[in-house]
Novice: 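Take a look at this one; I'll ask things after.
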Amino acid sequence: MDLEGIGAVAAAAVTAIGIPTAIVIGRMQLKAGLRAAETTWHAALVQADASYRAAMDTVRATASANQDQWRRGVRRDAFVQFLTISSELQHIELPEDAEATDEEIRQAEKALREIVHRAETTFHIVCLESADLQDAATRLLQAIRHYARGYRRLAAAERAISTLTAIEEENRTHLDEVHAALGALATAANAVDDVEHHRDVQRARDRAQAALRDVPGLSERHQRNLLYANRHGLPDNRAHRRALQDSRQAFLAAAQADLDAPASVPAPGSHSLASPGAGRAWNTRPDHRLRAASPDAVG
């Protein structure tokens with residue numbers, strides 16, 4: 001074989017050896033490129049997940065703060081309204097003199113009932129917005145009811161007494177039997193509570209009722225009020241007022257403590273790209289298409 005043939009054979013041998021080497025080198029370069037791409041993809045995914053978590057924490061904290069502020073405003077308005085109603089109650093004045101007309105009495109008692117109704121409605125709102133204030137609100141509502149009921153009975157009794165006095169002055173007489181019968185009813189009502197006591201009270205009431213019926217110009221309503229007042233006694237309006245003031249102060253202190261309590265703060269990092277509501281970490285495993293193109297799948 002001449003030199004030209006030997007050269008051809010050698011060139012062919014070099015070419016045969018170079019092709020597999022190029023294939024191996026190319027495969028190694030492909031694996032390296034895929035690993036670098038996968039590393040970059042993972043890093044970008046982690047960065048995106050961190051940014052998403054931070055954004056969700058900010059949004060959730062802002063929403064929670066806004067909701068807490070709104071609910072605090074609703075509670076504050078309900079507390080203020082409840083306290084205002086209890087204060088307005090003490091400014092209601094019921095007629096107590098004999099000259100008061102039926103219309104004046106109806107209007108004043110209507111205003112008193114409306115205040116109590118407003119207090120009852122506001123009470124339910126307070127309990128709905130803050131269960132911790134239910135006991136203090138209940139005590140204040142009871143004080144409002146007791147004060148209103150006692151004041152209404154006291155005013156009715158005062159009007160009846162004033163009317164009876166006016167009748168005596170007009171007729172220039174003293175109704176001895178009426179006063180004696182009413183005094184006997186009050187004495188019997190304060191006696192020892194037994195079977196005979198009830199009989200004595202009933203007899204005294206019948207006597208007083210008969211005496212009141214003989215008073216000219218004394219209405220049946222005034223008669224009933226006089227009988228009730230002497231049977232059960234006049235309501236202690238001062239005690240009811242003190243109880244109302246004490247209950248209001250207790251509710252005010254409880255309301256201030258409720259409004260000053262710190263709001264709940266959401267835990268950070270509770271959301272992720274995988275499931276914002278579940279709080280699970282993002283699954284960094286690539287999908288099946290990327291795994292199919294991974295270095296281990298080549299060749």
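The figures that follow rest on heavy atoms only: side chains count, while hydrogens, waters and symmetry mates do not.
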Novice: Could you give the distance from CD (Q81) to OG1 (T122), rounded to the nearest 0.5 Å?
Specialist: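 Separation between the atoms: 3.5 Å.
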Novice: I'd like to check I167 versus T173 (side-chain heavy atoms, cut-off strictly below 4.5 Å). Are they in contact?
Specialist: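 I167 does not reach T173 side chain to side chain.
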Novice: Do the charged groups of R75 and D132 touch, with an N to O distance under 4.0 Å?
Specialist: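 Result for this pair is no, no salt bridge flagged.
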Novice: Could you tell me how the ring of F82 sits relative to the ring of F251: parallel (under 30°), tilted (30 to 60°) or perpendicular (over 60°)?
Specialist: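 Because their plane-to-plane angle is over 60°, the rings of F82 and F251 count as perpendicular.
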Novice: With a 3.5 Å distance limit and no angle check, can you tell me whether E109 reaches the backbone of L94 through a side-chain donor-acceptor pair?
Specialist: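 Checked: no pair found.
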Novice: Between Q107 and E103, is there a side-chain donor-acceptor contact under 3.5 Å, judged purely by atom types and distance?
Specialist: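 Present: a donor and an acceptor within the cut-off.
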Novice: State whether the side chain of E168 and the backbone N or O of L175 hold a donor-acceptor pair below 3.5 Å, judged by distance alone.
Specialist: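 Yes, because the side chain of E168 sits within donor-acceptor range (under 3.5 Å) of the backbone of L175.
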Novice: Closest approach of L244 and A143, non-hydrogen atoms and distance?
Specialist: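 Closest approach of L244 to A143, heavy atoms only: CA-CB, 3.8 Å.
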Novice: Taking D258 for the side chain and A254 for the main chain, is one N or O donor matched with an acceptor at less than 3.5 Å?
Specialist: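 Looks like no, no N/O pair under 3.5 Å.
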Novice: Can you tell me how far the NE2 atom of H198 sits from the CZ atom of R205, to the nearest 0.5 Å?
Specialist: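 Output value for this atom pair is 14.5 Å.
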Novice: For the side chain of R248 and the backbone of S86, is there at least one donor-acceptor N/O pair under 3.5 Å apart?
Specialist: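 Yes: the side chain of R248 pairs with the backbone of S86.
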Novice: Give, for atom CD of E177 and atom CG of L212, the distance between the pair rounded to the nearest 0.5 Å.
Specialist: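 Those atoms lie 9.5 Å apart.
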Novice: So, S130 side chain and V126 main chain: donor-acceptor pair closer than 3.5 Å or not?
Specialist: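 Not at all, since once roles are kept as given, no pair shorter than 3.5 Å links the two residues.
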Novice: Taking the side chain from R159 and the backbone from P95, do they hold a donor-acceptor pair closer than 3.5 Å?
Specialist: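 Here the side-chain-to-backbone pair exists.
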Novice: Around atom CZ of R106, are there more than 12 heavy atoms from other residues, nucleotides or ligands closer than 6.0 Å?
Specialist: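 Counting other residues, nucleotides and ligands, CZ of R106 exceeds 12 neighbours.
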Novice: Counting only heavy atoms not in E220 (residues, nucleotides, ligands), do more than 12 fall under 6.0 Å from its CD?
Specialist: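 Incorrect, the count does not exceed 12.
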Novice: So, taking the atom named CG in N237 and the one named CD in Q90, what distance separates them when rounded to the nearest 0.5 Å?
Specialist: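 Separation between the atoms: 9.0 Å.
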Novice: Distance from N225 atom CG to L154 atom CG, nearest 0.5 Å?
Specialist: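 Those atoms lie 11.0 Å apart.
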Novice: Looking only at heavy atoms, what is the nearest atom pair of R231 and A189, with distance?
Specialist: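 Of all heavy-atom pairs spanning R231 and A189, the closest is O-CB, 3.1 Å.
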Novice: Please determine whether side chain to side chain contact (heavy atoms under 4.5 Å, CB included) holds for the pair H42 and T39, giving the CA-CA distance in whole Å, both sets of side-chain angles, and the decisive distance to 0.1 Å.
Specialist: CA-CA 5 Å; H42 277 290; T39 301; 5.9 Å; no
Novice: Can you name the closest pair of heavy atoms from E93 and A108 and give their distance?
Specialist: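 So the minimum-distance heavy-atom pair works out to O-CB, 3.9 Å.
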Novice: Any donor and acceptor pair, going by atom type alone, linking the side chain of R72 with main-chain N or O of L259 inside 3.5 Å?
Specialist: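 Yes, R72 side chain to L259 backbone: donor-acceptor pair under 3.5 Å.
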Novice: Do E88 and R118 touch side chain to side chain, with heavy atoms closer than 4.5 Å?
Specialist: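 Yes. Closest side-chain heavy atoms under 4.5 Å.
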Novice: So does H117 have more than 12 non-hydrogen atoms from other groups sitting under 6.0 Å from NE2?
Specialist: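 Not buried by this count: 12 neighbours or fewer within 6.0 Å.
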Novice: Could you give the distance from OG1 (T165) to NE2 (H174), rounded to the nearest 0.5 Å?
Specialist: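 Answer rounded to 0.5 Å: 8.5 Å.
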Novice: Donor-acceptor pair, distance only, cut-off 3.5 Å: does the side chain of S162 make one with the backbone of D97?
Specialist: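 No; zero donor-acceptor contacts below 3.5 Å.
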Novice: With clusters defined by side-chain heavy atoms of hydrophobic residues (ILVMFWY) lying less than 4.5 Å apart, directly or transitively, does Y228 cluster with V178?
Specialist: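 Different clusters: V178 never reaches Y228 through Ile, Leu, Val, Met, Phe, Trp or Tyr contacts under 4.5 Å.
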Novice: Could you go step by step and tell me if Q245 and Q249 meet the side chain to side chain contact (heavy atoms under 4.5 Å, CB included) rule?
Specialist: CA-CA 6 Å; Q245 292 173 348; Q249 290 298 324; 5.6 Å; no
Novice: So which atom in A148 and which in L89 form the shortest heavy-atom distance, rounded to 0.1 Å?
Specialist: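 Scanning both residues completely, I find the closest heavy atoms to be CB-CD1, 4.3 Å.
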Novice: State, to 0.1 Å, how close A229 and A157 come at their nearest heavy-atom pair, and which atoms those are.
Specialist: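 Scanning both residues, the minimum pair turns out to be CB-CB, 3.9 Å.
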Novice: Are L182 and I161 in one and the same hydrophobic cluster, where Ile, Leu, Val, Met, Phe, Trp and Tyr link if side-chain heavy atoms are under 4.5 Å apart?
Specialist: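 In one cluster: yes.
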Novice: For R221 versus D102, what's the shortest heavy-atom pair and its separation?
Specialist: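 Of all heavy-atom pairs spanning R221 and D102, the closest is NH2-OD1, 3.1 Å.
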Novice: Side chains of F123 and T138: does their closest heavy-atom pair fall under 4.5 Å?
Specialist: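 Touching, per the 4.5 Å side-chain cut-off.
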Novice: Just wondering, do L164 and H179 contact through their side chains at under 4.5 Å, heavy atoms?
Specialist: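 H179 reaches L164 side chain to side chain.
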Novice: Could you check if a side-chain atom of E114 sits within less than 4.5 angstrom of a side-chain atom of K110, using non-hydrogen atoms only?
Specialist: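 A side-chain contact under 4.5 Å exists here.
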Novice: Does the side chain to side chain contact (heavy atoms under 4.5 Å, CB included) test come out yes or no for R152 and V116, once each step is laid out?
Specialist: CA-CA 12 Å; R152 186 172 61 251; V116 175; over 6 Å; no
Novice: Report whether I125 and I144 are members of the same hydrophobic cluster (ILVMFWY, side-chain heavy atoms less than 4.5 Å apart, transitive linking).
Specialist: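 As far as the 4.5 Å side-chain criterion goes, I144 and I125 are not connected within one cluster.
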Novice: Check whether any side-chain heavy atom of R242 sits under 4.5 Å from a side-chain heavy atom of Y147, and report yes or no.
Specialist: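 They are not in side-chain contact.
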Novice: Are side-chain heavy atoms of L218 and L226 found at a separation under 4.5 Å?
Specialist: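 The answer is yes; the side chains approach within 4.5 Å.
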Novice: Are any non-hydrogen side-chain atoms of R149 and H146 less than 4.5 angstrom apart?
Specialist: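 The answer is yes; the side chains approach within 4.5 Å.
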Novice: State plainly whether the residues D200 and R203 are in salt-bridge range, i.e. N to O under 4.0 Å.
Specialist: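 Salt bridge flag = yes for R203 with D200.
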